[in-house]
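Notes for the one structure printed next.
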Amino acid sequence: MITSFHPPQRTLMGPGPSDVNPRILEALSRPTIGHLDPLFVQMMEEMKGLLQYAFQTKNELTIPVSAPGSAGMETCFVNLIEAGDTVIVCQNGVFGGRMKENVERCGATAIMVEDAWGTACDPQKLEDALKAHPEAKIVAFVHAETSTGATTDVKAMCDLAHQYDCLTIVDAVTSLGGTELRVDDWGVDAIYSGTQKCLSCTPGLSPVSFSPAAIEVIKNRKTKVQSWFLDLNLVMGYWGPSGGAGAKRAYHHTAPINALYGLHEALVLLQDEGLENAWARHAKHHNALRAGLEAMGLTFVVPVAQRLPQLNAVSIPEGVDDAQVRGLLLQDYNLEIGAGLGVMAGKVWRIGLMGYACRKDNVLKCVTALDDVLGRLGAPVNHGVAVAAALASYGEK
Ligand SMILES: *Cc1c(COP(=O)(O)O)cnc(C)c1O
């Protein structure tokens, strides 16, 4: 007889999902009401405002797509791109490769601009590509590359794209709520994120936002968006134009009602903490984690100026068995850290400090656990110094 599933309480310090704040788990269990119930519609209106704050945008079309980050990505690409278009994709990790897939599946041509994994996208290379491809319509890149822990200068990239009359699509799945992101000031035209990284909500929703220029393109398409579910012309009728809670809504799909309660709560938490404070918290705990890991002798993959605080990629020491270490961390400490992805598989660990998981007790737990496990396995690292180094970073003994 199969019985109820009861997962253990883990500490999630990988590339996402991150630990979910208990207040969000509680919100998920509130009574389900109808998705056209006036109170639910009112909650949807609040959600748009909360997301505008998180993205730092006045974009009216700022909503959560009812599916994970990958669906937010697909929403941006299928709505803005038509067959025959040219799109410049700047790739510096796994997720840029998915952008290429999206472009090609839209029947468009992807011009790839490659940067080394573990570094930022280079605006100079983008400019060269823009000059060589005046036919390009869109520039796409990842703000926070979760596969490597590198951040890219969004404003510099968007400024260049606009100089050459291109719109921009930006992946902010791992950056939203964790590091500085200003959609309007930086000139982002279409952006997608996820709920399970620095917003510390459960996975399965994708906040997106579209500038007025992007909406113009969507409204003036020559062909229908090939995805019925992700066609924003239809989704807009469900989430409503502005006009408040009283605006008429057309049934499109049944919103994941309780999941939206969770995201609403996550965004209220972010609002209460303050966006700048959340960014500063990620930076502070990253510095402590970094101090601990470096004291151990572990080295970061990404140059310091391009490093994300919420995703710390460190090289696995010579002779150490990647899977064995992660297995022991899980077994003995209930601690999950991430494995390497793509070309970095088996070479790096990805230690996340995202949202609710980004706390002092987790930093200390992580360096303590790694120190212990690597010590037991006889790894070539400095033992017994990591915790003191992390504490010193906090200004404590
Ligand atoms: C996690 C992630 C995604 C995919 O999000 P899912 O919710 O897993 O679909 C896309 N881009 C980046 C940069 C990510 O970190």
Side-chain angles (χ1 to χ4, degrees), residues 12-20 24 51 55 63-78 89-103 105 115 117-121 140-154 157 168-179 181 188 190-209 227 229-230 256 259-260 262-263 266 282 301-302 306-313 336-345 348-355 357-358:
L12 300 180
M13 297 181 72
S18 62
D19 280 347
V20 178
I24 296 171
L51 280 176
F55 276 127
I63 57 167
V65 173
S66 301
S70 304
M73 169 172 67
E74 196 127 359
T75 300
C76 292
F77 284 86
V78 298
V89 175
C90 301
Q91 181 177 10
N92 62 342
V94 166
F95 292 99
R98 292 187 175 183
M99 290 178 150
K100 176 174 190 270
E101 272 293 316
N102 270 261
V103 170
R105 284 168 195 234
D115 276 290
W117 287 39
T119 67
C121 295
F141 60 93
V142 178
H143 180 201
E145 226 332 321
T146 323
S147 62
T148 68
T151 185
T152 283
D153 184 341
V154 174
M157 301 284 281
T168 51
I169 298 178
V170 176
D171 178 324
V173 176
T174 281
S175 55
L176 185 69
T179 32
L181 171 60
V188 179
I191 193 160
Y192 57 94
S193 189
T195 41
Q196 77 277 28
K197 314 247 170 152
C198 294
L199 296 180
S200 265
C201 189
T202 45
L205 293 170
S206 177
V208 295
S209 183
S227 163
F229 184 66
L230 299 176
L260 289 174
L263 177 56
H282 284 85
V301 171
V302 176
Q306 302 172 357
R307 234 173 250 173
L308 287 166
Q310 63 272 51
L311 197 288
N312 299 269
E336 179 182 281
I337 65 168
L341 210 55
V343 296
M344 293 193 166
V348 305
W349 289 312
R350 292 181 300 150
I351 305 176
L353 278 175
M354 297 183 180
C358 181

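Start at 1 and go down the list; that is how both ligands and their atoms are numbered.
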So [Y] and [X], do their side chains get closer than 4.5 Å, heavy atoms only?
{"X": "Ser209", "Y": "Leu51", "result": "no"}
{"X": "Val154", "Y": "Val188", "result": "yes"}
{"X": "Pro203", "Y": "Pro68", "result": "no"}
{"X": "Trp117", "Y": "Val343", "result": "yes"}
{"X": "Val208", "Y": "Ile63", "result": "yes"}

Tell me yes or no: between the side chains of Thr179 and Gln310, is some donor less than 3.5 Å from an acceptor? yes

Quick check for students: name every N or O atom pair between ligand 1 and the protein closer than 3.5 Å, with distances.
residue, atom, partner, partner atom, Å
ligand 1, 7 (O), Gly69, N, 2.9
ligand 1, 7 (O), Gln196, NE2, 2.7
ligand 1, 9 (O), Gly69, N, 3.3
ligand 1, 9 (O), Ser70, N, 2.7
ligand 1, 9 (O), Ser70, OG, 2.5
ligand 1, 11 (N), Asp171, OD2, 2.7
ligand 1, 15 (O), Thr146, OG1, 2.3
ligand 1, 15 (O), Thr174, OG1, 3.1
ligand 1, 15 (O), Lys197, NZ, 2.7

